[in-house]
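The structure appears below as structure tokens.
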Amino acid sequence: MIELLARRAAAASEPGRRTDGYRLALVLEGGGMRGVISAGMAAALERLGLTACFDYVVGTSAGALNGAAMIASVAQACCAAYHSAFASRRFINPYRLLIGRAAVDVAFTLDHAGAGLDAGRHDRAVNSRIPLHCVATDVDRAAPVVLSDLRSLPELRGALLASSRMPWVGGEPVPFRGRRFLDGGLAESIPHRSAMALGATHVLVAQTRPCGVSVEPASPLADRIIARRLRALNPALLELYRARPVQYERAVAEIAAATQSPPADGPFVYGLRLPASTPVISRLERRGAVLEAAGRAAWEHTERVLRAALGDHPASVAAQPPRDRQGRVA
């Protein structure tokens, strides 16, 4: 996995112009504000000049938002926004639930511009030669769906909102392409399997929970409300919700095993995960200093893991920025 990144970095390889025959996917886990971790990891990849090494990006929830930022070349600014603009009451305000409104407004993050997150970033994401695939949960089928072929701003926006619509605190399901969707984390928190189903031979996974940390339960009150909402939408969604901790641990174990003992013939999976001593970030965290420290920890950990193997290669890729579908610099 790391060797493939190194070879592509050395060759200044670009998406759509590969000669190695492999398909390398970046998978980004979400988790509300815990997405600052995968944002920091994406920022490190961008800083190292490795964006163009990936053939496509697959993200769930906040991971999909971070993926869109990365292919638009604003991953570092996106990471910084978690502890500034995104840590505001405009984005997260639990008190809105008291008046029947969503506590989390993802549309605000998409509309926000400033401090490096320019308004044109969504155009660059749509036109990037690195496709973005967003994982969402289909309400009626109670199953994960990969939303692809996002070739317009409305399509990109709809897929990002669908992938990140948290049950209850995020509001009602998002209508998109004639169906209704909720947060992809309900069905597939870490979409490494979706990446392989898309044809990936190599998958680099940015995980947002530190080693040894399991799915944290909701408060008893929140759990009852979420369960009631999901049951009303589709009883099968409640089954997904209840099974999520077990499914998550299974995915984590698969990634850890593949990382430690790569198979002989692939597909190859490598997990980036913070050490067990790292503080855990909650889904609705708004303390700027806590979020900034988490993003920095993710950034520094990723650079430590990759720099030794990559050596001087990143500079060669940094001189070759990602290009859009027309071959223009993104």
Side-chain angles (χ1 to χ4, degrees), residues 1-2 5-6 9 24-54 57-87 109 112 114-118 121 125 130 190 203-213 255 259 270-283 285-315 317-318 321-322:
M1 171 66 65
I2 305 301
L5 271 174
L24 172 58
L26 173 64
V27 164
L28 299 164
E29 182 184 355
M33 295 301 280
R34 198 174 65 249
V36 69
I37 303 297
S38 55
M41 292 174 174
L45 292 167
E46 181 180 88
R47 177 181 171 85
L48 290 169
L50 297 172
T51 301
C53 293
F54 294 95
V57 174
V58 184
T60 293
S61 192
L65 300 171
N66 297 338
M70 182 174 172
I71 63 174
S73 302
V74 290
Q76 296 174 68
C78 177
C79 181
Y82 272 88
H83 62 80
S84 53
F86 299 168
T109 68
H112 173 75
L117 288 179
D118 61 294
R121 68 186 186 275
I130 306 173
I190 311 176
V203 182
L204 181 63
V205 186
Q207 299 175 246
T208 60
R209 284 186 174 90
C211 291
V213 176
I255 294 166
T259 301
Y270 188 98
L272 285 170
R273 199 176 188 194
L274 292 178
S277 59
T278 308
V280 181
I281 305 298
S282 74
R283 295 172 69 87
E285 179 62 69
R286 282 198 7 249
R287 292 172 293 174
V290 171
L291 292 164
E292 183 176 13
R296 185 185 309 113
W299 183 321
E300 292 174 349
H301 176 74
T302 302
E303 288 205 353
R304 281 196 300 271
V305 169
L306 296 180
R307 276 195 182 278
L310 295 170
D312 295 328
H313 296 325
V317 177

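Model, not experiment: these values are computed from the prediction. All heavy atoms count here, side chains included; hydrogens, waters and symmetry mates do not.
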How many angstroms lie between atom [atom1] of [X] and atom [atom2] of [Y], to the nearest 0.5 angstrom?
| X | Y | atom1 | atom2 | result |
| --- | --- | --- | --- | --- |
| Leu50 | Leu204 | CG | CG | 9.5 Å |
| Ser282 | Arg287 | OG | CZ | 7.5 Å |
| Thr51 | Glu46 | OG1 | CD | 5.0 Å |
| Ile37 | Leu28 | CD1 | CG | 12.5 Å |
| Ser38 | Met70 | OG | CE | 11.0 Å |
| Leu45 | Leu306 | CG | CG | 6.0 Å |

Which atom of [X] lies closest to which atom of [Y], heavy atoms considered:
| X | Y | value |
| --- | --- | --- |
| Met41 | Gln207 | CE-O, 3.5 Å |
| Ala25 | Phe54 | C-CD2, 3.9 Å |
| Ala62 | Gly35 | CB-CA, 4.0 Å |
| Cys79 | Gly295 | SG-CA, 4.0 Å |
| Pro210 | Pro279 | CG-O, 4.2 Å |
| Tyr82 | Met33 | O-CE, 3.5 Å |

Decide yes or no for [X] and [Y]: does some side-chain heavy atom of the first lie under 4.5 Å from some side-chain heavy atom of the second?
| X | Y | result |
| --- | --- | --- |
| Val305 | Tyr270 | yes |
| Leu26 | Ile130 | no |
| His301 | Arg273 | no |
| Thr259 | Val205 | no |
| Phe86 | Leu117 | yes |
| Arg34 | Glu285 | no |

